[in-house]
Amino acid sequence: MSSAPTSEEIARDACWLAQALDPSAGKVRLVAMNRDSYRAASFLDDRLMQSQVDAHILPWRQVEDAIAVAMRRDARWIFHIGHVGSTLVSRLLGEIDNVLAVREPRILRDLAMSPPEIRQSYLARIPQLMSRTFSAGQVACIKATSLVSEIAPELVPSGERALFLYATPANYIGSILAGENSVKELRMLAPIRAQRLERRVTGFDRAANDADLAAFAWACEMSALEAAATRMSDRKIEWLDFDRALDDMEAALQRLALSFGFVFDSVRIQAIARGPLMTRYSKDTSYDYSPQLRRDLIDEARMLDRQNIAGALDKLRRAAEKSPVLARALARSGEF
């Protein structure tokens, strides 16, 4: 393990990731990273700590003092509703020359879960921290955890760019019901999502099954994006339906690269869109996974549980009659 980084080393480049934060204690965990470790890591949350890493816990004040106000703050951001291919999109964009893809650093979730009065004292330096790269010509592209959508307006500076990634309610519900682990996660997160959703949407009927829970999860995460977009009128936001992107990933990547202002070559984009990442499970690339397999799993889940899914979609419609933000989300999905 190396010695703790100096202020100069923290500010110099992306070598020292600000990985986690204890806002109440004013402590931050820094983890040594290089280009290859960023590229390999599906997540930079606590799963990163399961491997041998060079990490140091420092007072936040030391990091804050290292990050000058004048430093660049031009990171691009990916916010999403979960289970909509955000890891794949991040990996694909990270294959573009001079793009540093950073996936789900825990520090952003730590901030999102902190009380607003505590969070505010940390936010000023976050854009600079997240914008550090390994060279002046490189641009950081930060993928947040879905919960972090709640504070997207506080993270993305005025004039900067973000992607809001989503799926239609039916495809989202189908994708959740298609996986045993995703159903377990759905049930575990249901109480927290209910609290978050209640801030924006009321009038939902009680959840009677997992399809209902998945519909409520979609409503929670999608309304968070819609509410954030309302507060981010001075940022450039690109909305993308993941399943439509899968129909022509090359065109989708071109569109995203243009929206993010990346310098790219069309031949390189074509190679990325047709490359091996499109046939692997993006959270663990040792497993086979493909767009067609996703479609097949969603179709199978929608067929096996079609009655409950129909009921869940009906609950979404009824709730949207009383909620403008949910009505906007449903209209954006194009299903209603």
Side-chain angles (χ1 to χ4, degrees), residues 1-34 37-38 41-69 71 73 75 77-80 82 86-87 90 100-133 140 142-157 185 188-189 191-193 195-196 199 220-221 224 228:
M1 179 177 289
S2 69
S3 58
T6 65
S7 295
E8 291 75 14
E9 289 171 329
I10 294 170
R12 183 181 60 207
D13 56 29
C15 178
W16 288 100
L17 169 71
Q19 186 265 340
L21 177 70
D22 183 339
S24 296
K27 301 288 187 180
V28 60
R29 182 163 63 205
L30 301 179
V31 178
M33 303 285 290
N34 57 36
S37 54
Y38 276 112
S42 297
F43 303 98
L44 295 170
D45 55 15
D46 285 348
R47 283 165 282 194
L48 177 66
M49 308 309 293
Q50 295 171 3
S51 57
Q52 188 173 2
V53 297
D54 184 2
H56 298 273
I57 296 177
L58 299 178
W60 170 258
R61 176 65 65 183
Q62 182 176 338
V63 174
E64 187 176 44
D65 291 344
I67 303 301
V69 174
M71 286 173 57
R73 41 195 274 141
W77 295 81
I78 299 174
F79 300 99
H80 57 94
S86 59
T87 303
S90 173
L100 177 65
V102 180
R103 286 177 279 277
E104 301 199 17
R106 196 191 108 172
I107 188 172
L108 301 179
R109 189 183 70 200
D110 292 337
L111 286 167
M113 295 179 70
S114 300
E117 62 274 15
I118 294 178
R119 179 169 66 241
Q120 288 301 321
S121 63
Y122 294 94
L123 287 170
R125 295 293 181 268
I126 295 300
Q128 290 96 328
L129 266 178
M130 293 294 106
S131 297
R132 292 170 304 150
T133 60
I142 314 298
K143 180 180 90 82
T145 309
S146 58
L147 168 70
V148 178
S149 300
E150 298 283 356
I151 62 168
E154 300 170 69
L155 295 172
V156 183
E185 179 190 65
M188 179 183 70
L189 294 178
I192 296 174
R193 281 179 168 146
Q195 293 175 3
R196 292 171 55 205
R199 303 170 196 161
C220 171
E221 304 297 351

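Along the sequence shown, residues are numbered consecutively beginning with 1. The structure displayed is predicted, hence computed values, not measured ones.
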Quick one: side-chain contact (heavy atoms from CB on, under 4.5 Å) partners of [X], sequence neighbours excluded?
X      : value
Leu189 : Glu185, Arg193
Pro127 : Arg73, Pro157
Met71  : Ala11, Ile67, Ala68, Gln128, Arg132

Worksheet item: Do other residues, nucleotides or ligands put more than 12 heavy atoms under 6.0 Å from the CD atom of Glu117?
Response: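 Check passes, neighbour count above 12.
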With rounding to the nearest 0.5 angstrom, report the [atom1] to [atom2] distance, [X] to [Y].
X      : Y      : atom1 : atom2 : result
Ile10  : Gln62  : CD1   : CD    : 5.0 Å
Ile118 : Met113 : CD1   : CE    : 12.5 Å
Leu108 : Phe79  : CG    : CZ    : 7.5 Å
Gln195 : Cys220 : CD    : SG    : 10.0 Å
Glu64  : Ile126 : CD    : CD1   : 9.5 Å
Leu123 : Ser121 : CG    : OG    : 8.0 Å

Worksheet item: Between Thr6 (side chain) and Glu9 (backbone), is there a donor-acceptor pair under 3.5 Å?
Response: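 Pair found, side chain donor or acceptor close to backbone of Glu9.
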Worksheet entry | Under 3.5 Å donor-acceptor, His80 side chain and Ala144 backbone |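 A pair under 3.5 Å: yes.
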Heavy-atom pair of closest approach, residues [X] and [Y]:
X      : Y      : answer
Ser149 : Ala228 : O-CB, 4.0 Å
Trp77  : Leu155 : CZ2-O, 3.8 Å
Arg119 : Ser114 : NH1-O, 2.8 Å
Pro105 : Met130 : CG-SD, 4.2 Å
Glu221 : Ser146 : OE1-O, 3.6 Å
Leu48  : Val53  : O-CG1, 3.7 Å

Discussion item. Could you work out, with side-chain hydrogen bond (donor to acceptor under 3.5 Å, both in side chains) as the rule, every residue matching Ser7, not counting sequence neighbours?
Written reply: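 Expected list: none.
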Discussion item. If the threshold is 4.0 Å, N to carboxylate O, is there a salt bridge linking Arg109 and Glu104?
Written reply: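 Salt bridge between Arg109 and Glu104, a charged N being under 4.0 Å from a carboxylate O: no.
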Practice prompt. Please name the residue in the list Ser86, Ser90, Ser42 that meets the side chain to side chain donor-acceptor pair (under 3.5 Å) test with Lys143.
Written response: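 Single pass found, and it is Ser86.
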Worksheet item: Does the side chain to side chain contact (heavy atoms under 4.5 Å, CB included) test come out yes or no for Tyr38 and Leu17, once each step is laid out?
Response: CA-CA 10 Å; Tyr38 276 112; Leu17 169 71; 3.5 Å; yes
Practice prompt. Not counting sequence neighbours, which residues clear salt bridge (charged side-chain N to carboxylate O under 4.0 Å, His left out) with Arg12? List them please.
Written response: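 Listed in chain order: nothing, the list is empty.
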For residues 21-33, which side-chain N or O atoms pair as donor and acceptor with protein atoms under 3.5 Å away, sequence neighbours left out?
| unit_1 | atom_1 | unit_2 | atom_2 | d |
| --- | --- | --- | --- | --- |
| Asp22 | OD1 | Ser24 | N | 3.3 |
| Asp22 | OD1 | Ala25 | N | 3.2 |
| Arg29 | NE | Gln19 | OE1 | 2.8 |
| Arg29 | NH2 | Gln19 | OE1 | 3.0 |
| Arg29 | NH2 | Asp46 | OD1 | 3.2 |

